[in-house]
Amino acid sequence: MTTSSAPRWRGLALLPDAGGVAVVETDGATSMATGRSEVEALITRLTPTTRWVTWSADELRPLILARLPLPRTWSVAEAHRLLHGGLRADPHRCWAAARGLDLGTLPSPPRTDLFALLDEGEDGGETEPSRTASPGGPVWPVRRDGYLRAEVDHSTLTTLEEAGAWAVAAVQVAHAQREALQQRGPRAIATCHSESAAAVLAVELERDGLPIDRPVLEELITRSAGARPITERDELARRADRDRSVLEAVPGIGRVDLRNPASVRQLLATAGVDVPSTRKWVLEQHADRHRVIPALLDWRRRERIATTYGWRWLDAHVGPDDRLRGAWSACDGAAGRMTAQAGLHSLPSELRPGVAAAPGHLIVRADLGQVEPRVLAAVSGDEAFAAATLAEDLYLPVAQRLGSDRSVAKVAVLAAMYGQRSGAAGEALRGLEREYPVAMRLLDHAQRRGEGGMPVWTVGGRLVRTNLPEQSERLGADQRQSLARARGRFARNAVIQGSAAELFKAWAVTVRESVRDLDAQVVLCLHDELLVHVRQEQAQRCADVVHEALAASSRRWVGHDRVRFVADVSVVRRWSEAKD
DNA sequence: TCAAATACGTA
DNA sequence: CGTACGTATTTGAG
């Protein structure tokens, strides 16, 4: 293998105020471009062979907003998250980790309070830091004790020299990260490439937003929350309107605070229904006992839309261009799935007809089928389980081997991956252990590590810690055991969920690249589902490209073709439209 | 005023 | 005693 050959890396740092870009060449020389055309020429001239190193994709935001393509990047932050787990990946932390410095004594970021004045000059660095970069390496951002200056980040850069030194430091970290990732496993560097691209995609997703059909969305909101309130009085009146349907189901009840679970429980007791809690699944079991219960469940549904996805949400997150925007991150702090704000990942299906292509456009909707068991087959190397993935419906061959119904096989496989032990799953699990011992061993091993508070790794090499937040000292024996079990289930699931996230992102960023020529954009990533917005003439071609991208990226990711991934791909006007 | 607990939407 | 996240609300501590 020749993976150790030096990558063609160029560091990139932006001067926020000057509107310029500093580029550090592979030999350390720094050049600079200012103005859009000059910057674009500088970036695109080198694009085909260059991987652009930055501390984070967020630093590239101005270039991304200017729609520069940036196809090959190395995000120091994403590499750090892969190597060390968790979410925190500011430059100072990444630098210290790459240098092997103690993270416990990481200089704290500057405070804006009065105490900051008292502490000035006590950072272990020079009191009058030289803001000059030396040719041999970054002097200015680095303190005498080896840490990066806590008060420096990309928004504070003011000169070409500073930007150059900032980029040089990023490239130095990237080289160390690459070495570490090479040790981590055969897929880790490729994973870092796609995670870095996913971080750029995350900025693009926020830039482009999700196209919505405003009249339809407004109608759907009106149906649940009531007409748009103008005054605060209106708002209270709408709220009372929603409450009324529940309250009138129990005559003479008077005023009840439906938002207070204790009051609701009392309300139900008055109606002659005694429930241990007012949780939805509990209420559903008593739905036929009194008409107030269905009314309450419907109230909850409407109230969710009114409060979380109502008029305020629409005004806050949907722009005048009818795009729904929220911030995205390329990975969460646990197994590494993408996250999104503004409710983009939990939009009720009821509102999805309101997500629609802009005029003259269509949406290519694609979702991976049965992705987690297919990922299990890939990461475990269980050849029998891999054989099942060749089927369009993986659960059919599994059921056949288990000698059970498809439904039993499905429950068993999902239970195996989620660590469920209760109910009918227990029996069927034994069948899985008999027929697919290799896959089951991998899950059990991860679970045992989690129970012991030890980390696990995704197939792409991401470290997933299992001992993070809870203070395990001073726990009773029962608490300790339930904590260990929770960690075990988490670890068992994390190797699958996290590896699936890596495959998904590899697919998503391949789609991102390959639809660029069609002038199409990925506008939503939802764990196993992609929406691509495209002009209608190109929609069919785009759907084909999405399929091809899955074939290519999954083949690369798995490393062979004995595990198959499948996607449902359809061309629709609205997100809600049925798959074909 | 802030954090935890509760609840629930999505995968 | 299935996992994850984001959002809103209530509650209780400071």
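We use all heavy atoms of the structure for the numbers below, so side chains are in, but hydrogens, waters and symmetry mates are not. Letters A, B, ... mirror the listed sequences (proteins, then strands); counts begin at 1.
- Residue-level contact check: A/A342 touches the backbone only, with heavy atoms under 4.0 Å from sugar-phosphate atoms and none from bases.
- In this structure, A/A415 reaches neither bases nor backbone, as no heavy-atom distance under 4.0 Å exists between it and the strands shown.
- Base pairing analysis places B/dT6 opposite C/dA8; the two distances defining the Watson-Crick or G-U wobble pair are each below 3.5 Å.
- Nucleotide C/dT3 holds its C1' atom 8 Å from the CD atom of A/E372, rounded to whole Å.
- Across all strands shown, C/dG2 remains unpaired; no Watson-Crick or G-U wobble contact has both distances below 3.5 Å.
- Here A/Q497 lies in heavy-atom contact (under 4.0 Å) with a base.
- Rounded to an integer number of Å, the gap from A/R487 CZ to C/dA4 C1' is 17 Å.
- Contact check, A/T339 against C/dG6: a side-chain N or O comes under 4.0 Å of OP1 or OP2.
- Rounded to an integer number of Å, the gap from CD1 of A/I305 to C1' of B/dT10 is 13 Å.
- Dense packing is recorded around CD of A/E284, with more than 12 heavy atoms of other residues, nucleotides or ligands lying under 6.0 Å away.
- Residues A/L205 and A/V523 share a closest heavy-atom pair of CD2-C, 3.4 Å.
- Within the 4.0 angstrom heavy-atom criterion, no nucleotide atom of any strand lies near A/R312.
- Between A/K280 atom NZ and B/dG9 atom C1' the separation is 8 Å, expressed in whole Å.
- In the set C/dT7, B/dA11, B/dA7, the nucleotide with an atom closest to the side chain of A/P261 is B/dA7.
- A straight line from NE2 of A/H345 to C1' of B/dC8 spans 17 Å, rounded to a whole angstrom.
- Summarising the geometry, the separation between CG on A/D257 and C1' on C/dT10 is reported as 9 Å, rounded to the nearest angstrom.
- For A/R337 and B/dA11, a side-chain-to-base donor-acceptor distance below 3.5 Å is present, hydrogens and geometry of angles not being considered.
- Between A/T278 and A/R300, the closest side-chain pair of non-hydrogen atoms falls below 4.5 Å.
- When heavy atoms are screened at a 4.0 angstrom cut-off, A/L347 is found touching the sugar-phosphate backbone but no base atom.
- A/R401 places none of its side-chain heavy atoms less than 4.5 Å from the side chain of A/V398.
- A/W281 has its CH2 atom 11 Å from the P atom of B/dA7, to the nearest Å.
- Taking every side-chain heavy atom of A/R300 into account, B/dC8 is the closest of B/dC8, C/dT9, C/dT7.
- Within 4.0 Å of A/R492, counting heavy atoms only, lies no atom of the nucleic acid at all.
- Relative to the side chain of A/R279, the nucleotides C/dC5, C/dA8, B/dT6 differ in distance, and B/dT6 lies closest.
- The CG-P distance, from A/L324 to B/dG9, rounds to 19 Å in whole Å.
- Taking only side-chain atoms of A/R259, from C-beta outward, the nucleotide of C/dA4, C/dT7, C/dT10 with the closest atom is C/dT10.
- Nearest to the side-chain atoms of A/T307 among the listed nucleotides C/dT9, C/dT3, C/dT7 stands C/dT9.
- Side chain of A/R365 to backbone of A/S570: no donor-acceptor contact under 3.5 angstrom is found.
- In the set B/dT10, C/dA4, C/dT3, the nucleotide with an atom closest to the side chain of A/N493 is C/dT3.
- The listed nucleotides are B/dA7, C/dT7, B/dA11; the one nearest the side chain of A/L526 is B/dA11.
- Of the candidate nucleotides C/dC1, C/dT9, B/dT6, C/dC1 has the atom nearest to the side chain of A/R485.
- Here A/S349 lies in heavy-atom contact (under 4.0 Å) with sugar-phosphate atoms only.
- At least one side-chain heavy atom of A/V200 sits less than 4.5 Å from a side-chain heavy atom of A/E204.
- Using modelled atom types, no side-chain atom of A/R465 and backbone atom of A/G86 make a donor-acceptor pair closer than 3.5 Å.
- Proximity of A/N260 to the phosphate of C/dT9: no side-chain N or O atom is located under 4.0 Å from OP1 or OP2.
- Among the protein residues, A/R304 comes within range of the nucleic acid bases, having at least one heavy atom under 4.0 Å from a base atom.
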